[in-house]
> 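Dumping the structure here so I can ask a few things about it.
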Protein chains: 2
Amino acid sequence: MHAVIAIPVSAAAAPPPHLRKITMGERIYAAASAGVAWRVRRGAVRLDRITSAGRSFAGLALQGDVIGAETLLFGQYSFEACAIGDCELEPWLTAEKAPSGESLLQTLAATERRAADALALRAGEAFERVRQLCLLLARARDDGRWEIAIPGLKDMAAITNLTEATVSRAMSRLRRMGMLQRQDRRRALVFVRPEVACAI
Amino acid sequence: MHAVIAIPVSAAAAPPPHLRKITMGERIYAAASAGVAWRVRRGAVRLDRITSAGRSFAGLALQGDVIGAETLLFGQYSFEACAIGDCELEPWLTAEKAPSGESLLQTLAATERRAADALALRAGEAFERVRQLCLLLARARDDGRWEIAIPGLKDMAAITNLTEATVSRAMSRLRRMGMLQRQDRRRALVFVRPEVACAI
DNA sequence: CGCCGCGTTGAGCCACGTCAACATAGGTGG
DNA sequence: CCACCTATGTTGACGTGGCTCAACGCGGCG
């Protein structure tokens with residue numbers, strides 16, 4: 001697992017690997033660890049978000065896709081990557097980390113995080129999905145409270161992969177529990193009580 | 001709904017808008033139409049993939065996220081975008097479409113497509129989800145048949161948000177139906193009969 | 001050999017989908 | 001202003017698809 005021989009830091013950081021072959025089931029990199037970005041030449045990779053609650057599926061990468069691009073920005077991986085099939089990986093954009101692409105890199109990282117959020121909204125119990133969606137849509141106001149503009153039930157149902165009836169029931173329960181306080185009916189602003197909402 | 005006054009095409013196409021305010025429920029752009037990329041300054045946006053079977057949720061964009069970046073590459077939007085809340089949009093990367101960012105743009109577009117694929121794997125009936133996952137993992141071989149390296153049930157269950165038992169039942173059914181032919185047991189190569197698989 | 005991880009299959013049950021009835025708001029036309 | 005219509009949200013009753021739990025077969029490994 002660990003390096004057998006002690007290598008000077010400069011030497012260890014210098015030689016970027018040029019091709020990696022991974023066997024099915026093997027972990028490619030761990031979340032929050034350092035490394036380079038990779039392009040998947042062959043195989044399939046599963047990305048997972050690691051939280052205190054455990055790991056949850058956060059993305060899929062197939063042939064041609066790039067994984068770990070966020071490391072070029074943050075210096076560490078946001079997700080964990082595991083090979084779902086035998087893989088060949090090649091380093092991606094190691095040297096020519098063009099400063100003109102900074103904005104694009106940020107956008108790429110944000111897109112992947114948002115995709116992971118959306119995936120998470122389709123796992124777990126119905127009530128929890130709707131609750132998480134509300135928290136995702138909430139914004140802090142000037143007075144310190146949070147508010148959300150509730151979308152239509154159709155949209156919430158499509159996002160969470162539930163039915164409108166189930167979403168409506170979950171919203172009613174959130175209101176009964178005091179997490180949501182209706183401000184005005186229909187496409188209205190609704191308050192989120194932080195002390196309740198923050199107990200994620 | 002329609003333009004009240006007829007505007008010359010050159011005039012209509014010339015001035016890139018500098019800020020767009022969208023009201024909840026309004027469509028921002030249609031799939032396969034032309035336009036610019038946008039950054040969401042405020043609000044929430046729902047992305048949908050438009051297929052012959054209808055529209056299906058394909059992504060979420062919140063404050064700070066970029067939508068429609070693929071139009072810089074392909075000249076048209078891949079998804080449809082609708083405002084889930086009142087939005088403010090500003091054009092993104094219209095002028096300085098740096099050629100050095102070409103690779104990054106392609107990666108960004110691919111990432112969004114893959115995220116939409118992953119989301120689709122968590123909607124619909126269990127059997128169909130597993131079937132679509134198999135098709136996604138399948139690769140064409142030299143002899144014209146398709147093959148897939150089946151991941152573990154744990155992985156397939158995590159991706160589709162089903163249980164191992166349900167995935168196993170779906171895989172058995174695929175085998176009984178002749179779509180999959182087991183090549184060798186356990187982490188094995190399995191053949192996909194194209195004539196069956198292509199009847200998506 | 002015993003053990004463990006993985007896949008498979010059955011039985012029962014429950015969370016959610018389905019269907020329906022109704023309430024309310026908004027829009028439109030008179 | 002009201003009458004009417006439609007879209008949307010709410011809630012109840014009921015059925016079911018998939019989860020839970022469990023047993024079992026199989027292969028790999030110490």
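We name chains A, B, ... by the order of the sequence lines, and we start the count at 1 in each one.
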> With side chains defined as the heavy atoms from C-beta onward, is the minimum distance between A/Phe57 and B/Asp155 less than 4.5 Å?
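Result no, sub-4.5 Å side-chain heavy-atom pair not found.
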> Side-chain heavy atoms nearer than 4.5 Å, only ILVMFWY residues, links allowed to pass through others: does that put B/Trp146 and A/Ile84 together?
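Result: yes, single cluster for both.
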> Check this for me, if you would: do A/Arg49 and A/Asp117 make a salt bridge, where the nitrogen-to-carboxylate-oxygen distance has to be below 4.0 angstrom?
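The answer is yes: the pair qualifies as a salt bridge.
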> If you define the side chain from C-beta out and look only at heavy atoms, does anything of A/Gln132 sit under 4.5 Å from A/Thr160?
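When only atoms from C-beta onward are counted, A/Thr160 and A/Gln132 do not touch, as no gap falls below 4.5 Å.
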> Check the distance between C/dT9's P and B/Arg175's CZ and give it to me in whole angstrom.
8 Å
> Estimate the overall bend of the helix from C/dC1-D/dG30 to C/dG30-D/dC1 from the end axes over five pairs each, rounded to 10 degrees.
40°
> Specify the separation, in whole Å, of atom CG of A/Asp155 and atom P of D/dG9.
9 Å
> Within this structure, what is the CD-to-C1' distance between A/Glu125 and D/dC19, rounded to whole angstrom?
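Taking atom C1' of D/dC19 as the reference, CD of A/Glu125 is at 11 Å.
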> Reckon A/Arg129 has a side-chain N or O less than 4.0 Å from the OP1 or OP2 of C/dC16?
no
> Does any part of the side chain of A/Ile150, heavy atoms only, come nearer than 4.5 Å to the side chain of A/Met156, both counted from C-beta?
yes
> What integer distance in Å separates A/Phe127:CZ from C/dA15:C1'?
15 Å
> Between C/dT8 and B/Arg182, is there an OP1 or OP2 to side-chain N/O distance shorter than 4.0 Å?
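Yes, within the criterion.
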> What is the separation between atom CZ on B/Arg176 and atom P on C/dG7, rounded to the nearest whole Å?
18 Å
> Once you round it to whole Å, what is the distance between P of D/dT11 and CG of A/Leu174?
13 Å
> To the nearest angstrom, how far is A/Lys154 atom NZ from D/dT10 atom P?
13 Å
> Side chain of A/Ser168 only, heavy atoms from C-beta on: which candidate in D/dT8, D/dT10, D/dG18 is closest?
D/dT10
> All N/O contacts under 3.5 Å from nucleotides 20-23 of chain D to the protein, with atom names and distances to one decimal?
unit_1	atom_1	unit_2	atom_2	d
D/dT20	O4	B/Arg169	NH2	3.4

> Tell me the interatomic distance from A/Leu153, atom CG, to D/dT10, atom P, rounded to whole angstroms.
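Atom-to-atom, A/Leu153 to D/dT10, this comes out as 6 Å.
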> For a 4.5 angstrom cut-off between non-hydrogen side-chain atoms, does B/Glu112 reach B/Val66?
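Not touching, per the 4.5 Å side-chain cut-off.
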> Quick check: do B/Leu105 and A/Leu104 have side-chain heavy atoms less than 4.5 Å from each other?
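In short, these two side chains touch, coming nearer than 4.5 Å.
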> Who pairs with A/Arg42 by salt bridge (Lys or Arg N to Asp or Glu O under 4.0 Å), at least two apart in sequence or on another chain?
A/Glu88
> How close do B/Ile148 and B/Cys134 get, heavy atom to heavy atom, and via which atoms?
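In terms of heavy atoms, the two residues are closest at CG2-O, 3.5 Å.
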